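None of these values were measured; they are calculated from a predicted model.
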Amino acid sequence: MSQPPRLKRRAEFLAVAGKGAKAPMPGLVLQLMPRADEAPLRVGFTVTKKVGNAVVRNRTKRRLREAVRLGLDPQAHRGFDMVVIGRDKTADRPFVELIEDLRRALARAERNLAAPAAAQGRAP
């Protein structure tokens, strides 16, 4: 399976952070935002300097990219932008657990996106 298209510009990351649903997990934080089109899933990766030096941050991003490549089907999530944020535990977390964190975070973020829409449908 190949890598999904990437988010690269700061404005894209900020849009997902501002308008998207957030799902923290022990190994990562996932932010998910629906778009108005049916283009393939776009994914961005980020790790703050708090996590460690450049070697640790790059290793963390490589692990996150591989987890997304193996753990998600980009065609199943068309029309979404996703940002995956590495945490200090990401570099040392067992890879199977990291993939499971990703899948659970995606399910939680999708539920969080659906909850406000369902709440708007119910008028008090």
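Closest approach of Ala15 and Met33 over heavy atoms only: O-SD, 3.4 Å. Taking each heavy atom of Thr60 and Ala91 in turn, the nearest pair found is OG1-CB, 3.6 Å.
The hydrophobic clustering, which links ILVMFWY residues whose side-chain heavy atoms are closer than 4.5 Å, places Leu28 and Met82 together. Residue Leu102 is not grouped with residue Val83 when hydrophobic side chains (ILVMFWY) are merged at heavy-atom distances under 4.5 angstrom, including chains of intermediate members. Residues Leu41 and Val84 share a hydrophobic cluster, clusters being chains of Ile/Leu/Val/Met/Phe/Trp/Tyr side chains in contact below 4.5 Å. Hydrophobic clustering (side-chain heavy atoms under 4.5 Å, transitive across Ile, Leu, Val, Met, Phe, Trp, Tyr) groups Phe95 together with Leu106. In terms of hydrophobic clustering, with Ile, Leu, Val, Met, Phe, Trp and Tyr side chains grouped at heavy-atom distances under 4.5 Å, Leu98 and Leu70 are assigned to a common cluster.
Under the side-chain hydrogen bond (donor to acceptor under 3.5 Å, both in side chains) criterion, Asn53 pairs with no residue, sequence neighbours left out. Every residue meeting the salt bridge (Lys or Arg N to Asp or Glu O under 4.0 Å) condition with Arg42, not counting sequence neighbours, appears here in chain and number order: Glu12, Asp81. Residues forming a salt bridge (Lys or Arg N to Asp or Glu O under 4.0 Å) with Glu110 (at least two apart in sequence, or on another chain): none. Applying the side chain to side chain contact (heavy atoms under 4.5 Å, CB included) test to Arg87 and every residue at least two apart in sequence or in another chain returns Pro24, Val29, Thr90. When the salt bridge (Lys or Arg N to Asp or Glu O under 4.0 Å) test is applied to Glu97, the partners found at least two apart in sequence or on another chain are Arg93. The side chain to side chain contact (heavy atoms under 4.5 Å, CB included) test applied to Ala109 returns Ala21, Ala23, Leu30, Leu32, not counting sequence neighbours. Listed by chain and residue number, nothing satisfies the side-chain hydrogen bond (donor to acceptor under 3.5 Å, both in side chains) test with Arg65 (two or more places apart in sequence, or in another chain). Remark: Ala17 engages Gln31 in a side chain to side chain contact (heavy atoms under 4.5 Å, CB included) (not counting sequence neighbours).
Residues Asp92 and Arg59 form a side-chain contact, since some pair of their non-hydrogen atoms from C-beta on lies under 4.5 Å apart. Val43 places none of its side-chain heavy atoms less than 4.5 Å from the side chain of Pro5. Side chains of Met25 and Glu100 form no contact here, defined as non-hydrogen atoms less than 4.5 Å apart. Side-chain contact between Thr48 and Arg57 is absent, with no heavy atoms from C-beta onward closer than 4.5 Å.
Look at Arg69 and Glu66 and you find a salt bridge, because one of the NZ, NE, NH1 or NH2 atoms lies within 4.0 Å of a carboxylate O, short of that distance.
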| query | Should Val68 and Phe45 be marked as a side chain to side chain contact (heavy atoms under 4.5 Å, CB included) after you check the CA-CA gap, both sets of side-chain angles, and the distance that decides it? | reply | CA-CA 10 Å; Val68 167; Phe45 302 91; 3.7 Å; yes
| task | Give the C-alpha distance, both sets of side-chain angles, the deciding distance and a yes or no for side chain to side chain contact (heavy atoms under 4.5 Å, CB included) between Ile99 and Arg103. | result | CA-CA 6 Å; Ile99 291 175; Arg103 289 179 177 154; 3.8 Å; yes
| request: Start with the C-alpha distance between Asp101 and Arg104, add both sets of side-chain angles, then the distance that settles side chain to side chain contact (heavy atoms under 4.5 Å, CB included), and finish with yes or no. | output: CA-CA 5 Å; Asp101 283 348; Arg104 284 191 323 222; 2.7 Å; yes
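Pairs of residues two or more places apart, or lying in two chains, never qualify as salt bridge (Lys or Arg N to Asp or Glu O under 4.0 Å) while including a residue from residues 19-32.
Crowding of Lys89 atom NZ: a count of heavy atoms from other residues, nucleotides or ligands under 6.0 Å not exceeding 12.
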